[in-house]
Amino acid sequence: MKFCLTNARHLGCDVDLHIEDGKVVTMTPAGRIPPAGDEAVEDAQGLVLLPGLTDCHVHLREPGFEWKEDIASGLEAAAHGGFCQVMCMPNTNPCNDTAGVTYLMLAKAQKSHPHGPRLCPVAAASLGLKSQTMAPLGELKEAGCVAVSNDGRPMTNTELMRRTMEYAHDLGLVFTDHCEDLQLAPGYLMNEGAVSGELGVMGQPVVGEALQVARDCMLAEYLGIPVHIAHVSCKLAADVIAWFKSRGAKVTAETCPHYLLLDETLMAGYNAWAKVNPPLRTPADREAMVKAVKDGTIDIIVTDHAPHADLDKDQTLDEAPNGHTGLDLSLSLIWSLVRDGALDEADVVRLMAEKPAEIFSLPVNRFNPGDPADFILFDPSLEWVVSPETVYSKSCNTPHRGKLLQGRCVHNWIGGVKLF
Amino acid sequence: MEKDNRYLWKHKDLLDVTQLSREDADHLLDLAASFQEINRRPVKKVPTLKGKSIILFFAENSTRTKTSFDIAGKRLSADTHALSKSGSSINKGESLKDTGQTLMAMNPDVIVIRHSSSGAAEYLAKLLPCSIVNAGDGWHAHPTQALLDSFSLRQVWGPSFEGKTLLILGDIAHSRVARSNLYLLNLLGCKVRFCGPSTLLPPGIDGWNCEVYTDIEEALKGVDACMCLRLQLERQEAGLLPDLLEYSRRYCLTRERLNLAKPGAKVLHPGPMNRGLEIADEIADCPDSLVLDQVSAGVAVRMAVLYLLATR
């Protein structure tokens, strides 16, 4: 099966992309090699060509919380968000601490999305995510898990953390850690600062995040093995990471669109839709996070897609669960930073496609001959309003709900197969 | 043409004093003064709100505030219906949304809500078409408490608080009383000081329009009034204080300390008091104590609030 995409816009040039049997044959300046007679041709005039994106941090809620999301709806949202593969976190019910759960997830994905987006489960680091006993990581890796995490239930026991990092490393699995000191400000609902003081709600100081980041970085440096820091939200944590990177520690880190675009002022009026963990920080933190993704201190952008039904989220601030949906929105949101000049298209490719795949040893399309034909066409001028009707996720718990966004993925090919 | 200078109350709800203009506050307090007169009559009832129904929805423990609203409504001839957390569906796990909509279906004119979640009153106000009165939400706001405090001070100081300074003493961080009083006292021209250990001061307090002290003697110097806040015993359990005895040694309002304030300085407490902990026994009952005036002011102020909301 041969295929040629013509006149696509890629990194400022007009290009043609030739595909055969699910692989890239070559990418050339537009018109350089005319399509062969047996090649199907599709014109991409006016659209931006990007590699299929990888999201290393999503919650697809199945098994256990299917009213919020399931693997089929989550992967559909991923497809329309421009992703070719997503890493789903283990905090399901039952959690992903045995091969049986991994097999179930993969079987569901195979059934609903046989051509992708590919589902890449993350193994629970400890049994039941209880931070007492290491989960059977060998069995989980064999079943198809690509990384290890105790997501949302940080390991306070540093001995167990260290041993799990070491054991996972033997298997080629990277530990991706949600960093939070659970004893500092227990029960917080937002960032600690002027806004929390005024609202009269418990806040978490940035120290609560940065402390655990520092611990993980020290372990990574001491052990000489990699660690990946999940959803960094604040300047202090980014500074800690930058310092350990400068010392040569094998630390990588992610942040999310909300830490790049939103801040704690959104919590005024007890806005439960903006409640997320780590919490939205100050405007100065937000600016620092944009700088940190630009300069590479923060390696990748993930969504931390955390769907919750309206009945869960439409409550008082203390009752509402943490989290924003992101799969449908992420590329559109990040593209607003490209439009503002804070990032460029090459940064988006690096932050959302190449580096994420590299950190977790997943396939990636760099448009070199033989690369997997995972690519998308993005219409940067398409305007759409975020609503339960326009997103593919089952949930629409995002502070952007009702807002007009500019730019959306309009076509997605995975392994040379056009999904839409 | 005759100029229309009648005052118009334009608020659907009373969620916090921060929504009030100076004109709103003055009008409300003047109105409360006229209701205070009714409270001194042998027959303490007027037909003003006959046929109106008021639900008192107290999802957190309360004696004085609930009784005060109940009496206020009844003195205006409204029908009041009390609902508490125990014995209601909240204990069966009903959400605030469902409880609110259920109450609304019975068509009340006003719902008075006390709730442990900051923002709960605002949540109901956005959800329901009837008037909502915030009778205390978490650590956030307690507007009728601030209004009755200012009402009590007005009876002593007159309508202008210019040149006065009031100290609020104790657990500021977790106090809806402190937050609401700061705004209203500033609005009426009174300077405010806060004093407590740093562990009981809220983040961002440097940006608030007040002076902040951790030393009680310094804080009391020259003030015209001191408001003690109730110390919740769980603050000690949460590790914010070493022990209660030490707290009382460092922060209890004693006669000796009160002598640092201006002569005749008034003492307030929103109640219930921990005598001997944040306020000395003799101070609670001294002639300059307004504690019981605050309680009777509470009925008058709440009559004014219910009147303005139920007849808007």
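Chain letters run A, B, ... following the sequence lines, proteins first, then strands; residues in each count from 1.
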Return the minimal non-hydrogen interatomic distance between [X] and [Y], and the atom names on each side.
X: A:Asp314; Y: B:Tyr123; answer: O-OH, 2.8 Å
X: A:Glu198; Y: B:His140; answer: O-CD2, 4.0 Å
X: B:Lys126; Y: A:Gly269; answer: NZ-O, 3.4 Å
X: B:Ser118; Y: A:Val201; answer: CB-CG1, 3.6 Å
X: B:Pro202; Y: A:Gly197; answer: CB-CA, 4.4 Å

Reported CD-to-OG1 distance for the pair B:Glu122 and A:Thr316, which is rounded to 0.5 angstrom: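 B:Glu122 atom CD to A:Thr316 atom OG1 measures 12.0 Å (nearest 0.5 Å).
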NZ-CD distance between B:Lys97 and A:Glu319, expressed to the nearest 0.5 angstrom: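 It comes to 14.0 Å.
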Just wondering, more than 12 heavy atoms not from [X] lying within 6.0 Å of its [atom1]?
X: B:Asn61; atom1: CG; value: no
X: A:Lys291; atom1: NZ; value: no
X: A:Lys394; atom1: NZ; value: yes

Interface residue of largest heavy-atom contact number with chain B, from A:Pro186, A:Gly193, A:Ala194, A:Ala272, under 4.5 Å: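 Top option by heavy-atom pairs under 4.5 Å: A:Gly193.
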